[in-house]
J.: 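Got a structure for you, questions after.
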Amino acid sequence: MATEGTVAIRLTEVEAYAGMSDPGSHAYRGRTNRTAVMFGPPGHVYVYFTYGMHWCMNLVCDAEGTASAVLLRAGEVVRGHDLARARRGATVADRELARGPARLTKALGVSGDLNGTDLLRQGGPLRVLAGTPVPDNMVATSSRTGVGGAGAVHPWRLHIVGESSVSPYRPAVPRRRVRTR
DNA sequence: TGGACGATTGACT
DNA sequence: GTCAATCGTCCAT
């Protein structure tokens with residue numbers, strides 16, 4: 001059955017977000033109902049809804065009380081291709097299944113109801129597992145995607161060199177729709 | 001209470 | 001290459 005089973009991915013691209021000191025972070029303005037998870041204990045997921053249709057997924061890393069998050073931007077599906085493709089579309093190529101933050105959550109079947117899930121709890125709906133360490137010389141850094149202004153100064157986007165599942169870089173776009181102001 | 005905007009994607013020219 | 005879709009959240013009245 002296509003709606004059951006497990007999809008596993010190997011992360012190939014992430015972005016780091018600090019809390020109160022990072023203008024690019026949702027937690028920059030302090031703790032709100034939405035960002036409460038980021039201020040919580042590490043090992044939990046912060047899932048947020050954006051653009052009226054997409055879910056993005058972060059791992060909380062720092063100690064409880066300190067906002068922090070690592071956005072999972074892209075990954076390579078290593079298990080559960082059929083299920084991932086059932087969620088993403090029958091014609092989607094393997095490397096496209098989780099190439100991009102919203103695509104990644106869709107391939108994994110993650111949505112807002114998993115916000116705050118403990119990734120370290122055995123038997124939970126989501127798990128994070130230790131994989132093969134990536135050598136430093138295979139990791140490249142760049143400015144964060146879609147983050148402009150003062151938040152762009154941090155080269156906190158990390159990706160594995162040569163990985164075809166890394167999402168294409170897009171510079172921050174101020175706002176396309178023209179509004180009178 | 002109202003309005004602007006977003007850690008994006010996919011469709012279209 | 002450009003642009004619309006779509007709605008939760010947050011800030012300014």
Side-chain angles (χ1 to χ4, degrees), chain A residues 7 9 11-40 42 44-62 66-77 84-117 119 126 128 140-160 164-181:
Chain A
V7 175
I9 63 168
L11 293 173
T12 55
E13 180 184 0
V14 297
E15 267 176 21
Y17 287 85
M20 313 285 287
S21 60
D22 181 1
S25 171
H26 289 170
Y28 178 58
R29 298 172 198 279
R31 181 179 180 138
T32 65
N33 198 39
R34 176 172 66 146
T35 61
V37 174
M38 270 201 278
F39 289 82
H44 290 230
V45 280
Y46 164 51
V47 182
Y48 70 90
F49 186 64
T50 191
Y51 289 100
M53 63 194 90
H54 298 305
W55 294 101
C56 294
M57 176 180 171
N58 300 253
L59 306 186
V60 177
C61 298
D62 220 327
T66 303
S68 71
V70 172
L71 170 69
L72 310 187
R73 286 198 56 85
E76 168 196 8
V77 175
R85 188 168 288 110
R87 290 166 172 159
R88 290 272 294 113
T91 62
V92 177
D94 279 3
R95 68 173 197 176
E96 301 281 337
L97 287 172
R99 190 189 194 200
R103 294 167 170 180
L104 183 148
T105 57
K106 195 171 181 184
L108 289 178
V110 169
S111 64
D113 55 351
L114 290 179
N115 188 33
T117 298
L119 291 180
L126 273 178
V128 60
T141 64
S142 60
S143 293
R144 290 177 296 183
T145 307
V147 176
V153 301
H154 301 297
W156 286 349
R157 172 177 178 254
L158 308 180
H159 65 273
I160 300 176
S164 58
S165 59
V166 171
S167 67
Y169 176 73
R170 308 173 92 156
V173 184
R175 187 66 185 165
R176 290 201 191 86
R177 190 192 308 172
V178 179
R179 281 282 177 195
T180 54
R181 42 160 293 150

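Chain naming here is simple, since letters A, B, ... match the order of the sequence lines and numbering starts at 1 in each.
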J.: Using a 3.5 Å limit on both pairing distances, list the dot-bracket string of DNA chain C from the 5' end; Watson-Crick and G-U wobble pairs count, crossing pairs take [ ], interstrand pairs take |.
T.: |||||.||||||.

J.: Spell out yes or no: do the side chain of A:Y51 and the base of C:dA5 have one donor N/O and one acceptor N/O closer than 3.5 Å?
T.: no

J.: Using the salt bridge (Lys or Arg N to Asp or Glu O under 4.0 Å) rule, collect all pairs that involve residues 102-116 of chain A, keeping only residues at least two apart or in two chains.
T.: A:E96-A:R103

J.: For A:Y17 and B:dA7, do the ring centres fall under 5.5 Å apart while the planes stay under 30° apart?
T.: yes

J.: According to a strict under-4.0 Å criterion, is A:R157 in side-chain N/O contact with OP1 or OP2 of B:dA7?
T.: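 No, because none of the side-chain N or O atoms of A:R157 sits under 4.0 Å from OP1 or OP2 of B:dA7.
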
J.: For residues 24-31 of chain A, tabulate all N or O donor-acceptor pairs below 3.5 Å that involve a side-chain atom, not counting sequence neighbours.
T.:
| unit_1 | atom_1 | unit_2 | atom_2 | d |
| --- | --- | --- | --- | --- |
| A:S25 | OG | A:A18 | O | 2.8 |
| A:S25 | OG | A:A27 | N | 3.0 |
| A:H26 | ND1 | A:Y46 | OH | 2.8 |

J.: For A:N115, check side chain to side chain donor-acceptor pair (under 3.5 Å) against everything at least two apart and list the hits.
T.: none

J.: Rounding to a whole Å, what distance do you find between A:M53:CE and B:dA11:C1'?
T.: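 The answer, rounded to whole Å, is 12 Å.
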
J.: In this structure, how many angstroms lie between the P atom of B:dA7 and the CE atom of A:M38, rounded?
T.: 10 Å

J.: Can you find a heavy atom in the side chain of A:L104 that is under 4.5 Å from one in the side chain of A:L11?
T.: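 The answer is yes; the side chains approach within 4.5 Å.
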
J.: Checking A:T50 now: which residues fulfil side chain to side chain contact (heavy atoms under 4.5 Å, CB included) with it, not counting sequence neighbours?
T.: A:Y48, A:H54, A:C56

J.: What pairs with A:T141 under side chain to side chain donor-acceptor pair (under 3.5 Å), at least two apart in sequence or on another chain?
T.: none

J.: Between residues 67-77 of chain A and DNA chain B, which residues have a heavy-atom gap below 4.0 Å?
T.: A:L71, A:R73

J.: Under the rule for side chain to side chain donor-acceptor pair (under 3.5 Å), what residues qualify as partners of A:D94, not counting sequence neighbours?
T.: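 Counting only residues at least two positions away or on another chain, A:D94 forms a side chain to side chain donor-acceptor pair (under 3.5 Å) with A:R85.
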
J.: The criterion is salt bridge (Lys or Arg N to Asp or Glu O under 4.0 Å); which residues satisfy it with A:E13, sequence neighbours excluded?
T.: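 Listed in chain order: A:R73, A:R157.
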
J.: In this structure, how many angstroms lie between the P atom of B:dA11 and the NE2 atom of A:H54, rounded?
T.: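 Rounded to the whole Å, the gap is 11 Å.
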
J.: Please list, pair by pair, any protein nitrogen or oxygen found under 3.5 Å from a nitrogen or oxygen in nucleotides 8-10 of chain C.
T.:
| unit_1 | atom_1 | unit_2 | atom_2 | d |
| --- | --- | --- | --- | --- |
| C:dT9 | O3' | A:R34 | NE | 3.3 |
| C:dC10 | OP1 | A:T32 | OG1 | 2.2 |

J.: List the residues meeting side chain to side chain donor-acceptor pair (under 3.5 Å) with A:T105, not counting sequence neighbours, and say none if there are none.
T.: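 Result, side chain to side chain donor-acceptor pair (under 3.5 Å) vs A:T105: none returned.
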
J.: Rounding to a whole Å, what distance do you find between A:E13:CD and B:dT8:P?
T.: 10 Å

J.: Can you tell me how far P of B:dG6 sits from OH of A:Y46, to the nearest Å?
T.: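 Rounded to the whole Å, the gap is 14 Å.
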
J.: Distance-only, no hydrogens or angles: does the A:S167 side chain make a donor-acceptor pair with backbone N or O of A:G100 under 3.5 Å?
T.: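 No: the side chain of A:S167 does not pair with the backbone of A:G100.
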
J.: Of the nucleotides B:dT8, B:dA7, B:dG10, which has the atom closest to the A:R88 side chain?
T.: B:dG10

J.: Return the value, rounded to whole Å, for the distance between atom OH of A:Y28 and atom C1' of B:dG6.
T.: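 Those two atoms, OH and C1', are 17 Å apart.
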
J.: Which residues satisfy the side chain to side chain contact (heavy atoms under 4.5 Å, CB included) test with A:T12, sequence neighbours excluded?
T.: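 Counting only residues at least two positions away or on another chain, A:T12 forms a side chain to side chain contact (heavy atoms under 4.5 Å, CB included) with A:R10, A:A74, A:E76, A:I160, A:E163, A:S165, A:V166.
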
